[in-house]
Amino acid sequence: MNGLEDVTAAGIALTVAVALGSYLLGAVPVGLLVGRVMGGVDVREVGSGRTGATNVLRTLGWKAAALVALLDLGKGAAAVSVSAAIAGTSGEVVGALSVVLGHSWSVFIGFGGGRGVIPAGGAALALVWPAALIGTAVGLVIIGLTRYVSLGSLLGTVTCVAVMIGFAAFGQEPIIFSPLAVTGGALIIYSHRDNIRRLLSGTERRFGQPAETDG
């Protein structure tokens, strides 16, 4: 086996390791664990049935939700940072996508989970922090104006994706960040497909309304 083949084999092994490690980190169901410890509640059985910070907020209040948000944000940032140290730029990309996949479709809880917004935000913060901050600002403004968390999450995600693509297009970041941003954004939009249907039909629950099972 020549040197090039050795490097290629090693690169593939590192990529697989990064993907698996980031997926498993993302798959840790923080919201479920916090719900059980702080409130004795299985958040999958209330509200949207998701394990993300929004459902925790509706169910257990802001303290539990803040803890979940912080830990989920950390999952995304840690996955990118560790993956970059192990496998460079390609590792960042794989780690970012894998942590979002793990969070949204966790192997530990039957492939359920959250909608991926906060871990993706943590990943974006580690990759292109201005994009993460601008996307967050847009999302918070939309939530403040409409009281629709889902709409703010979606528009904030789209904004973050657009800014990341802009940075890559103008050579400020690696060009591979463009397909990463598009793919990550698509995953988040797909995970919000039920919210999108309710937004279009006018039945989406606004921020502050009590948690009820919404299917």
Side-chain angles (χ1 to χ4, degrees), residues 18-32 48 50-57 65-84 89-107 111-143 148-168 173-174 176-196:
V18 161
L20 180 60
S22 298
Y23 172 83
L24 292 175
L25 175 61
V28 175
V30 171
L32 176 64
S48 66
R50 296 283 186 164
T51 61
T54 300
N55 200 36
V56 173
L57 175 63
L67 178 58
V68 172
L70 182 63
L71 293 174
D72 281 345
L73 193 74
K75 287 196 303 187
V80 168
S81 299
V82 173
S83 297
T89 300
S90 62
E92 290 181 305
V93 172
V94 171
L97 291 176
S98 296
V99 74
V100 174
L101 284 170
H103 178 82
S104 300
W105 294 280
S106 170
V107 67
F111 297 100
R115 300 190 192 275
V117 176
I118 294 180
L125 196 62
L127 287 165
V128 188
W129 65 265
L133 295 184
I134 294 170
T136 298
V138 168
L140 290 175
V141 168
I142 297 300
I143 293 170
Y148 286 126
V149 175
S150 56
L151 184 60
S153 298
L154 288 164
L155 294 182
T157 295
V158 171
T159 301
C160 181
V161 168
V163 175
M164 286 184 69
I165 291 174
F167 270 85
E173 298 292 346
I176 196 173
F177 283 4
S178 290
L180 161 66
V182 171
T183 304
L187 288 173
I188 291 172
I189 291 171
Y190 178 76
S191 73
H192 281 81
R193 60 197 184 280
D194 54 329
N195 298 96
I196 294 171

Subject >> Minimal non-hydrogen separation, Val107 against Ala27, with atom names >> reply: N-CB, 4.2 Å

Subject >> Pairs meeting criterion side chain to side chain donor-acceptor pair (under 3.5 Å) with involvement of residues 123-138, two or more places apart >> reply: none

**OP:** Any pair with a residue in residues 65-84 that passes salt bridge (Lys or Arg N to Asp or Glu O under 4.0 Å), sequence neighbours left out, goes on the list, sorted by first then second residue, please.
**Re:** Asp72-Lys75

Original post:
When rounded to the nearest 0.5 angstrom, what is the spacing between OG1 in Thr89 and CG in Leu127?
Top reply: 9.5 Å

**OP:** Kindly compute the distance separating CE (Met164) from CG (Leu180), expressed to the nearest 0.5 Å.
**Re:** 5.0 Å

Original post:
Would you say Ser81's side chain and Ala78's backbone share a donor-acceptor pair under 3.5 angstrom?
Top reply: no

**OP:** Hey, could you give me the OG/CZ distance between Ser150 and Arg115, rounded to the nearest 0.5 Å?
**Re:** 8.0 Å

Subject >> Closest heavy-atom pair and its distance - Ser48, Asn55 >> reply: N-OD1, 3.2 Å

Original post:
Nearest 0.5 Å, what's the OG-NE2 distance between Ser104 and His192?
Top reply: 9.0 Å

Original post:
Looking only at heavy atoms, what is the nearest atom pair of Arg193 and Tyr190, with distance?
Top reply: NH1-O, 2.9 Å

**OP:** Give the intermediate values and the outcome of side-chain contact (heavy atoms from CB on, under 4.5 Å) for residues Val93 and Phe177.
**Re:** CA-CA 7 Å; Val93 172; Phe177 283 4; 4.2 Å; yes

Original post:
For Val30 and Val68, which heavy atoms make the closest approach, and how far apart are they?
Top reply: CG1-CA, 4.0 Å

**OP:** For residues Ala79 and Leu25, report the shortest heavy-atom separation together with the two atoms involved.
**Re:** N-CD2, 4.0 Å

Subject >> Distance-minimising heavy-atom pair for Ala126 and Val80 >> reply: CB-CG1, 3.7 Å

Original post:
Atom CG of Leu151 and atom CG of Asn195: how far apart are they, to the nearest 0.5 Å?
Top reply: 10.0 Å

Only distances under 3.5 Å count here; give the side-chain donor-acceptor pairs of residues 152-162 to other protein atoms, sequence neighbours excluded, each with its distance to 0.1 Å.
unit_1, atom_1, unit_2, atom_2, d
Ser153, OG, Val149, O, 2.9
Thr157, OG1, Ser153, O, 2.7
Thr159, OG1, Leu155, O, 2.8

Original post:
With a 4.5 Å heavy-atom cut-off, do Tyr23 and Val18 have their side chains touching?
Top reply: no

Original post:
Would you say Ile189 and Ile196 make side-chain contact, with heavy atoms under 4.5 Å?
Top reply: yes

**OP:** Kindly indicate whether the side chain of Leu133, heavy atoms from C-beta on, has any atom under 4.5 Å from the side chain of Leu125.
**Re:** yes

